[in-house]
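Every chain is numbered from 1, with letters handed out A, B, ... down the list of sequences. Computed from heavy atoms alone, side chains included, the values below leave out hydrogens, waters and symmetry copies.
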Amino acid sequence: EPEVTQTPSHQVTQMGQEVILRCVPISNHLYFYWYRQILGQKVEFLVSFYNNEISEKSEIFDDQFSVERPDGSNFTLKIRSTKLEDSAMYFCASSATGIDTDTQYFGPGTRLTVL
Amino acid sequence: AQSVTQLDSHVSVSEGTPVLLRCNYSSSYSPSLFWYVQHPNKGLQLLLKYTSAATLVKGINGFEAEFKKSETSFHLTKPSAHMSDAAEYFCVVSDAKVSGGYQKVTFGTGTKLQVIP
């Protein structure tokens with residue numbers, strides 16, 4: 001069964017450093033998303049992406065965040081200058097077009113630890 | 001606007017007894033509703049989904065959920081808990097399409113299910 005994959009599973013970085021989190025969505029999906037979950041808190045929407053542009057972003061997704069689909073398979077989230085409060089689990093998700101567009105399939109997540 | 005409320009942050013049951021995880025939603029439109037499960041240090045796995053077909057939805061691992069419009073509820077149940085069911089469960093609501101054609105989802109705060117041997 002196709003699934004969303006994410007790398008790395010765990011990333012440790014120093015405050016102020018740039019990180020890139022990578023995702024490979026399900027191959028025939030066209031909508032892509034990033035969410036984050038700070039430890040002990042709810043899953044929060046960051047951004048959605050379709051047709052090579054951002055469809056919607058939350059207030060969390062400020063100028064230090066960016067997303068890119070550099071090729072036909074990867075979808076990346078970049079944090080330019082990490083802060084301690086960026087420590088969280090980051091989930092990538094994708095969904096298809098058509099009648100199943102409401103169902104988002106999630107990857108296993110990348111745990112980001114900012115020291 | 002859409003929102004979802006999971007009424008219990010923690011539920012504890014004995015192995016072999018029924019499970020009930022409660023979820024109430026608010027939506028301006030006819031929503032799609034989902035339950036996802038997250039095992040420790042794992043990602044979010046789709047358990048089941050309601051999209052205006054049958055109101056009783058069967059999912060994986062013996063779970064099911066009933067959509068009750070009059071009560072704006074979508075509670076998750078399982079007749080007999082297994083140790084492997086210990087995890088965190090998220091109720092998710094998705095309604096009107098936003099720009100770009102996809103449907104925005106909102107997560108509940110999650111319910112941690114403990115299964116006692």
Visitor: With a 4.5 angstrom heavy-atom cut-off, could you sort out which part of B:Leu44 is near chain A: side chain, backbone, both or neither?
Guide: both
Visitor: A quick test of your reading: do over 12 heavy atoms of other residues, nucleotides or ligands sit less than 6.0 Å from CG of B:Leu56?
Guide: yes
Visitor: In this structure, are over 12 heavy atoms from other groups packed under 6.0 Å from A:Asp63 atom CG?
Guide: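 12 or below, so no.
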Visitor: Would you say the ring centroid of A:Tyr35 lies under 6.0 angstrom from that of B:Phe107?
Guide: yes
Visitor: Side chain from CB out, backbone as N, CA, C, O: work out which of these in B:Gln38 comes under 4.5 Å of a heavy atom of chain A, or both, or neither.
Guide: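 When you check distances to chain A, only side chain atoms of B:Gln38 fall under 4.5 Å.
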Visitor: If hydrophobic clusters are built from ILVMFWY residues whose side chains come within less than 4.5 Å, do B:Val92 and A:Ile26 share one?
Guide: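 Yes, same cluster.
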Visitor: Is a side-chain donor-acceptor pair under 3.5 Å present for B:Lys49 with A:Thr103?
Guide: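 Per modelled atom types, A:Thr103 and B:Lys49 side chains form a pair under 3.5 Å.
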Visitor: Go through A:Glu44, A:Gln37, A:Arg111, A:Met89 and name the one with the most non-hydrogen pairs under 4.5 angstrom from chain B.
Guide: A:Gln37
Visitor: Could you tell me whether A:Lys42 atom NZ has more than 12 heavy atoms of other residues or ligands within 6.0 Å of it?
Guide: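 Check passes, neighbour count above 12.
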Visitor: Transitively linked via ILVMFWY side-chain contacts under 4.5 Å: B:Leu47 with B:Phe34?
Guide: no
Visitor: Report the distance from atom CZ of A:Phe91 to atom OH of B:Tyr36, rounding to the nearest 0.5 Å.
Guide: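 The OH atom of B:Tyr36 is 11.5 Å from CZ of A:Phe91, to the nearest 0.5 Å.
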Visitor: Heavy-atom count around A:Glu59 CD within 6.0 Å, excluding the residue itself: above 12?
Guide: no
Visitor: Give the minimum heavy-atom separation between B:Val105 and A:Gln104, together with the two atoms involved.
Guide: CG1-NE2, 3.5 Å
